[in-house]
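Presented below is the structure to which this report refers.
Keep in mind that what you see is a predicted model, and the values were worked out from it rather than measured.
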Amino acid sequence: MHRSPIQFCKTCAAPVAYRLPDDGDTRERAICTACHLVHYENPLNVVGTVPVWGDQVLLCKRNIEPRKGKWTLPAGFMELGETTEQGAARETREEAGAEFKVQDLFTVMSVPRVGQVHLYYLAQLSHDRFDPGHETQEARLFSEAEIPWNELAFRTVKETLEHYFADRASGQFKVHAFDIE
Ligand SMILES: [Zn+2]
């Protein structure tokens with residue numbers, strides 16, 4: 001897990017110590033040394049879309065770290081109070097300024113190394129004009145032959161695109177759930 005360890009209590013700001021709670025929990029948790037609050041740390045959801053226009057897919061060139069300058073499908077961390085589908089749509093609007101209709105869930109990928117679960121939905125673009133936000137240098141459509149495979153930002157994006165083109169070739173789209181080590 002790459003997330004930084006918790007140092008201070010989120011309630012009273014006293015230092016925490018990582019130890020086993022007294023309730024039979026089998027994992028060490030960040031426990032406040034003053035008020036004894038147990039801070040649970042759990043995986044985060046990353047939600048996004050595969051936006052399609054004819055035989056082309058929309059990719060965004062990242063304008064922020066990590067992987068600035070690399071290409072990605074529009075995606076980002078889910079926010080509290082929204083559904084996975086709403087989050088995927090919001091990220092697609094924010095990063096690409098695209099208009100689209102969200103369709104079926106397409107990939108579900110556990111990435112335990114970074115404590116994340118990534119979910120991508122298929123999306124049908126309404127037109128081919130984009131207005132990317134500050135997180136994106138450029139948003140453009142790629143045919144399968146044009147996909148910059150060696151310039152993709154994340155393995156989850158590469159795997160999702162590979163499944164998309166394989167399913168399109170077979171004429172049958174289905175949900176792909178798998179793990180990325
Ligand atoms: Zn505390």
Side-chain angles (χ1 to χ4, degrees), residues 1-7 10 16 18 20-21 23 25-31 37-52 57-68 70-96 98 100-125 132-133 135-136 139 142 147-149 151-168 170 172-181:
M1 261 293 297
H2 77 316
R3 223 174 288 168
S4 303
I6 294 172
Q7 292 184 283
K10 70 178 180 187
V16 303
Y18 275 83
L20 284 178
D23 61 2
D25 197 339
T26 56
R27 285 178 183 251
E28 291 196 339
R29 310 287 180 184
I31 301 176
L37 180 70
V38 180
H39 299 73
Y40 294 96
E41 297 166 87
N42 300 100
L44 296 172
N45 290 337
V46 173
V47 290
T49 61
V50 184
V52 175
V57 173
L58 175 65
L59 297 180
C60 296
K61 192 175 197 178
R62 290 173 62 82
N63 194 35
I64 50 170
E65 297 294 349
R67 314 286 164 82
K68 186 174 178 176
K70 302 289 188 188
W71 292 91
T72 185
L73 290 163
F77 289 110
M78 191 177 173
E79 298 286 0
L80 294 175
E82 67 186 6
T83 66
T84 52
E85 187 175 324
Q86 287 167 344
R90 177 183 51 72
E91 289 291 345
T92 305
R93 284 192 301 271
E94 287 177 1
E95 295 189 0
F100 54 89
K101 188 175 186 315
V102 177
Q103 299 174 311
D104 291 337
L105 180 63
F106 186 59
T107 50
V108 180
M109 296 164 284
S110 287
V111 195
R113 185 174 52 81
V114 292
Q116 296 175 356
V117 179
H118 292 227
L119 300 95
Y120 281 88
Y121 288 81
L122 298 177
Q124 182 62 52
L125 288 163
E135 295 178 17
T136 302
F142 291 85
I147 296 283
W149 293 104
E151 295 294 317
L152 296 178
F154 304 108
R155 193 163 146 214
T156 47
V157 170
K158 177 173 179 281
E159 301 258 355
T160 296
L161 286 170
E162 286 174 350
H163 281 294
Y164 174 77
F165 291 117
D167 278 14
R168 192 177 73 178
S170 77
Q172 191 170 2
F173 290 94
K174 57 177 184 153
V175 179
H176 300 271
F178 53 99
D179 305 330
I180 291 184
E181 298 305 324

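Applying the side-chain contact (heavy atoms from CB on, under 4.5 Å) test to Q86 and every residue at least two apart in sequence or in another chain returns E82, T83. Residues meeting the side-chain contact (heavy atoms from CB on, under 4.5 Å) test with F77, sequence neighbours left out: L44, V46, Q116. Remark: K10 engages L37, H39 in a side-chain contact (heavy atoms from CB on, under 4.5 Å) (not counting sequence neighbours). E94 meets the salt bridge (charged side-chain N to carboxylate O under 4.0 Å, His left out) test with R90; sequence neighbours excluded. Under the side-chain contact (heavy atoms from CB on, under 4.5 Å) criterion, P43 pairs with no residue, sequence neighbours left out. R93 pairs by the salt bridge (charged side-chain N to carboxylate O under 4.0 Å, His left out) definition with nothing, not counting sequence neighbours.
Remark: aromatic rings of H163 and F178 are close, center separation under 6.0 Å.
Once rounded to the nearest 0.5 Å, the distance linking CD of E91 with CE of M78 reads 11.5 Å. How far CD of E135 is from CG of N63: 9.0 Å, rounded to the nearest 0.5 Å. Taken to the nearest 0.5 Å, the OG1 atom of T136 stands 8.5 Å off from the CZ atom of R62. Taken from CG in L119 to CG in L105, the straight-line distance is 6.0 Å, to the nearest 0.5 Å. Taking CG of L73 as the reference point, atom CG of L58 lies at 8.0 Å (rounded to 0.5 Å). A distance of 11.5 Å separates CZ of R168 from CG of L122, quoted to the nearest 0.5 Å.
Contact annotation: the side chain of V157 never approaches that of W71 to less than 4.5 Å [non-hydrogen atoms, C-beta and beyond]. The shortest side-chain heavy-atom distance between H176 and D167 falls under the 4.5 Å cut-off. Between C60 and P132 the shortest side-chain heavy-atom distance does not fall below 4.5 Å. Here the side chains of L59 and I147 are in contact, with some heavy-atom distance below 4.5 Å. Side-chain contact between Y120 and Y164 is absent, with no heavy-atom pair separated by less than 4.5 Å. Contact check for F100 versus V102: side-chain heavy atoms found under the 4.5 Å cut-off.
Counted within 6.0 Å of CD on Q172, heavy atoms from surrounding residues, nucleotides or ligands total 12 or fewer; the atom is thus considered open.
In terms of heavy atoms, W149 sits closest to K158 at CZ3-O, 3.8 Å. For the residue pair F106 and T160, the shortest heavy atom distance occurs at CE2-O, 3.5 Å. Here the closest non-hydrogen pair linking P112 and I180 is CD-O, 3.5 Å. Across V108 and V117, no two heavy atoms sit closer than the pair CG1-CG1, 4.3 Å. Here the shortest heavy-atom pairing between V38 and R29 reads CG1-CB, 3.6 Å. Scanning both residues, L152 and K70, for their nearest heavy atoms gives C-CB, 4.1 Å.
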Steps toward side-chain contact (heavy atoms from CB on, under 4.5 Å) verdict (V175, D104): CA-CA 8 Å; V175 179; D104 291 337; over 6 Å; no
Go through it in stages, so that I can follow the logic: the residues are V50 and F173, the test is side-chain contact (heavy atoms from CB on, under 4.5 Å), and I'd like the CA-CA distance, side-chain angles, deciding distance and then a yes or no. CA-CA 12 Å; V50 184; F173 290 94; over 6 Å; no
Begin from the C-alpha positions of T72 and R67 and carry the test side-chain contact (heavy atoms from CB on, under 4.5 Å) through to its verdict. CA-CA 9 Å; T72 185; R67 314 286 164 82; over 6 Å; no
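Checking each of T107, T84, T92 against Y121 for a side chain to side chain donor-acceptor pair (under 3.5 Å) leaves exactly one that passes, namely T84.
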